[in-house]
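To start, the structure under review is shown below, and the notes come after it.
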Amino acid sequence: MNLELQKFKETLLTALINAGAGAAGIADLTAAEKAIQLHADPRLARFQRAVSFIIPFPRSIIEELQEGPSNTYLHYYRAVNTLIDDLSIRLSTMLEVRGYETFPVPSSQRTGTDRLNSIFPHRIAAYLAGMGWIGKSGCLITQAHGPRVRLGTVLTSAPLPPDKPLDLICGNCSLCMKECPAQAIEGVIFTPDTPLAERLKPELCDQYQNKVRDRFGKRVCGLCLAACPIGKPALKPRNS
Ligand code: SF4
Ligand code: SF4
């Protein structure tokens, strides 16, 4: 193990946690080359490592979505994205002053009207960095917060010691699939080599959110986030 790189990794991850991230880790992107080829901009395939971090959403904000579209959720969605972009830029600077190349992936950016992917899939980097597993809903599922998180990713040439993906899956649960009003979730367990199209129909989710915009004024849903039982605390027994 290169002790200097290990120490640098710890410095980066500690800086993220101190600045507001809920967890952070390093992804070895070579472990999911096929998925990255399928879902990322080819110009970014040269990066072999990513720093991945999560920002948790307050659970109450997500639970509101069970009642319908929520302006409060949209407000914090934007606020969290701003925080992610801020942390990504700071992280890039820490890496670049050491001479490494970086690409901070924008927190939320569509790459075109006919392509629902972002420029780089945050969730693949987060999965490889051990932040959680990719659920049937297509979201990253963390043990502590379930899917109630947003993700940040900074691609880098720094050969940082990587973390390991978690060996966890959704199992028999299919609550997100049952709750999805667009029937966009196929209920297929994720593997890095399974194309997104076999697990999800993102165009149906997209069309549904366009319909929400017609009546609510903004695109929003999140019922699959609210439905997920992971990260919801068990009810405490009442004192007799
Ligand atoms: S956001 Fe809504 S429409 Fe899209 S997959 Fe989740 S539950 Fe389905
Ligand atoms: S609701 Fe169940 S199936 Fe869907 S992502 Fe959460 S754990 Fe997985």
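Both ligands and their constituent atoms are indexed starting at 1 by order of listing. Values reported hereafter were calculated over all heavy atoms of this structure, with side chains retained and with hydrogens, waters and symmetry mates removed.
Arg215 CZ: more than 12 foreign heavy atoms inside a 6.0 Å radius.
Set against the non-hydrogen atoms of Pro181, the atoms of ligand 1 under 4.0 Å away are 7 (S). Interface of Gly222 with ligand 1, defined as ligand atoms under 4.0 Å from a residue heavy atom, comprises 1 (S).
Every residue two or more places apart in sequence or in another chain that forms a side chain to side chain donor-acceptor pair (under 3.5 Å) with Asp28 is listed here: Thr30, Arg49.
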Distance-only check: which donor-acceptor pairs under 3.5 Å involve side-chain atoms of residues 188-197, not counting sequence neighbours?
| unit_1 | atom_1 | unit_2 | atom_2 | d |
| --- | --- | --- | --- | --- |
| Thr191 | OG1 | Asp193 | N | 3.4 |
| Thr191 | OG1 | Thr194 | N | 3.3 |
| Thr191 | OG1 | Thr194 | OG1 | 2.5 |

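For the pair Arg123 (side chain) and Gly138 (backbone), a donor-acceptor distance under 3.5 Å is present. Between the side chain of Arg59 and the backbone N or O of Gly231 there is at least one donor-acceptor pair closer than 3.5 Å.
Proximity annotation for atom 8 (Fe) of ligand 1: of Cys139, Cys180, Cys205, Cys224, Cys180 comes nearest, heavy atoms only.
Within the protein, the number of N/O/S atoms found under 2.8 Å from atom 8 (Fe) of ligand 2 is 1.
Under the salt bridge (charged side-chain N to carboxylate O under 4.0 Å, His left out) criterion, the residue pairs touching residues 8-23 are Lys9-Asp163, with sequence neighbours excluded.
Taking the six-membered ring for Trp, Phe57 and Tyr73 have ring centres closer than 6.0 Å.
The pair Arg46-Glu101 counts as a salt bridge, with a side-chain nitrogen and a carboxylate oxygen less than 4.0 angstrom apart.
For atom 2 (Fe) of ligand 1, the closest heavy atom belonging to the protein is Cys221 SG, 2.3 Å.
Judged by the shortest distance from any of its heavy atoms, Gly146 lies outside the 4.0 Å radius around the atoms of ligand 2.
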